[in-house]
Amino acid sequence: SRSKLDLDQRPGREPHLRMRVVVAVGDRVEIVMLTAMPHKHACATQLPPPGDWWAWFLMAGRGVGKTRTGAEWSKERLMSGPKHRLAIIAPDFAVGRDVCIEGESGLIPGGDINASRFPAGVVTTWNRSLGEVILANGSMIKLFGTDKQKDAEKLRGFQMHSAWFEELGTQQFGQVAWDMLTFALRLGDDPRVIITSTPRPIPLIRALVEDDDVVVTTGSTYDNADNLPPRQLERIKAKYEGTNLGQQELHGLLLDGAKGALWKHTMFRRSLEVPPLVRIVIGVDPAGTAHKTSDLTGIVIVGIDAISQLW
């Protein structure tokens, strides 16, 4: 066997450092492991969080790059070792195919395996009908839709190392799929899942946000403004900034306060411009203890302007 360290220098591509271990099997040569660095255009919101987490929930606004993040994370998992199995769970099969695989931010843009996000020669098969992608190292992607309960339950017959939930907030039978995934994510010694979704106040998303095994990262449409059409961004900002829909779709905020909460997201309006404040007060509600079951420490900063509005 031999190892090779080289650069992916296909036209139109950023140089992509990769290492591959190539093993001769009879008269064939197979790639059995391939690892790569994160894509160079990733912003902070798109980088996986540190730590030994089980699930990563990228709960962010529109245009942040959630789908690209899911695709890049999935690519890295698939290239981390041979015969890695990954499930993509989307609102329906067509979304999984047209967005997660063949979309502009997907794993195989346009459906051409020679122009995929993987280095040359890694993707050997893309079957649009079955929703299966096969890599040269034996790794496989399988698509699942959740618009019908029977489709969501198909996860019952599949087991995997990794999974990617795309737009969980709009999945009709997302809870069924999530339950089936919990049992199916059982291969290897480091099973993980990524959820990429704009938040919606449904029970499953509320439960994930409160789950200690789920790392939640957030992002705003404005975080990725450099990669969005300025004119369209201004139109969206003018129409939706400061509205509840804008809070959810632009800023990625979950607009459903905790049960019994005195303050709810709907009581607030986000503003990008704060006037001069005549007084600022910082309030701290300390946990009092420091162990795993301790309450969270609450910190709030409130200012009042010249016309007695609170900020």
Side-chain angles (χ1 to χ4, degrees), residues 41-49 53 55-73 91 95 99 103-105 164-171 174 194-211 214-259 261-275 277 280 282-283 296-305 309-311:
H41 300 292
C43 61
T45 304
Q46 296 172 301
L47 298 177
W53 45 269
W56 171 26
F57 187 1
L58 176 54
M59 185 175 69
R62 305 285 285 274
V64 170
K66 299 185 297 296
T67 300
R68 178 67 184 272
T69 300
E72 293 290 344
W73 181 85
V95 170
V99 177
E104 293 86 350
S105 300
W164 169 18
F165 264 87
E166 169 72 348
E167 290 299 345
L168 178 59
T170 62
Q171 296 192 13
I194 184 174
I195 307 119
T196 55
S197 182
T198 302
R200 293 187 69 187
I202 61 174
L204 177 54
I205 285 184
R206 291 199 302 266
L208 290 174
V209 170
E210 297 296 327
D211 192 329
V214 179
V215 176
V216 180
T217 58
T218 60
S220 163
T221 300
Y222 304 117
D223 295 341
N224 198 33
D226 290 344
N227 296 312
L228 301 174
R231 183 177 179 180
Q232 183 64 13
L233 188 61
E234 286 301 316
R235 285 180 57 85
I236 292 172
K237 178 180 176 181
K239 185 171 183 179
Y240 297 108
E241 187 59 63
T243 67
N244 286 343
L245 185 60
Q247 296 275 64
Q248 175 178 282
E249 300 295 322
L250 294 176
H251 297 282
L253 296 180
L254 183 58
L255 300 180
D256 190 26
K259 185 176 181 180
L262 296 176
W263 301 92
K264 301 180 183 297
H265 286 293
T266 52
M267 297 178 182
F268 296 85
R269 175 176 59 85
R270 180 180 289 267
S271 176
L272 300 180
E273 298 181 0
V274 178
L277 303 175
I280 298 175
I282 301 175
L296 296 176
T297 293
I299 302 175
V300 61
I301 303 174
V302 180
I304 189 169
D305 61 20
Q309 284 188 325
L310 297 177
W311 296 81

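Below, each value reflects all heavy atoms present in this structure, side chains not excepted, and no hydrogens, waters or symmetry copies.
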I'd like to check the ring-ring contact (aromatic ring centres under 6.0 Å, His included) partners of Phe165; sequence neighbours left out, ordered by chain and number.
Trp178

Looking at Leu310, I want to see if its CG is surrounded by more than 12 non-hydrogen atoms of other residues, nucleotides or ligands under 6.0 Å.
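Enclosed: over 12 neighbouring heavy atoms sit under 6.0 Å from CG of Leu310.
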
Rounded to the nearest 0.5 Å, how far apart are CG of Leu168 and CD1 of Ile195?
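It comes to 6.5 Å.
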
Distance, nearest 0.5 Å, that separates CG of Leu47 from OG1 of Thr69:
8.0 Å

Between Thr196 and Gly70 (side chain of the first, backbone of the second, donor and acceptor by atom type, cut-off under 3.5 Å), is there such a pair?
no

Is a side-chain N or O of Asn224 found less than 3.5 angstrom from the main chain of Gly63, in a donor-acceptor match?
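Here the side-chain-to-backbone pair exists.
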
Identify the two heavy atoms, one from [X] and one from [Y], that lie closest to each other, and give their separation to 0.1 Å.
| X | Y | value |
| --- | --- | --- |
| Lys237 | Tyr222 | CG-OH, 3.4 Å |
| Ala225 | Leu233 | CB-CD2, 3.7 Å |
| Trp164 | Ala71 | CH2-N, 3.5 Å |
| Thr221 | Val64 | N-CG2, 3.7 Å |

side-chain contact (heavy atoms from CB on, under 4.5 Å) partners for [X], two or more places apart:
| X | result |
| --- | --- |
| Val99 | Thr67, Val95, Glu166 |
| Glu167 | Lys66, Pro91, Thr170, Ser197, Thr198 |
| Val209 | Phe57, Met59, Ile205, Leu254 |
| Ile280 | Leu277, Ile301 |

Quick one: do the Tyr240 and Gln248 side chains pair a donor with an acceptor below 3.5 Å?
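Absent: no donor and acceptor within the cut-off.
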
Is it true that Arg68 and Glu72 make a salt bridge, defined as a side-chain N closer than 4.0 Å to a carboxylate O?
yes

Partners passing side chain to side chain donor-acceptor pair (under 3.5 Å) against Arg200 (at least two apart in sequence or in another chain)
none

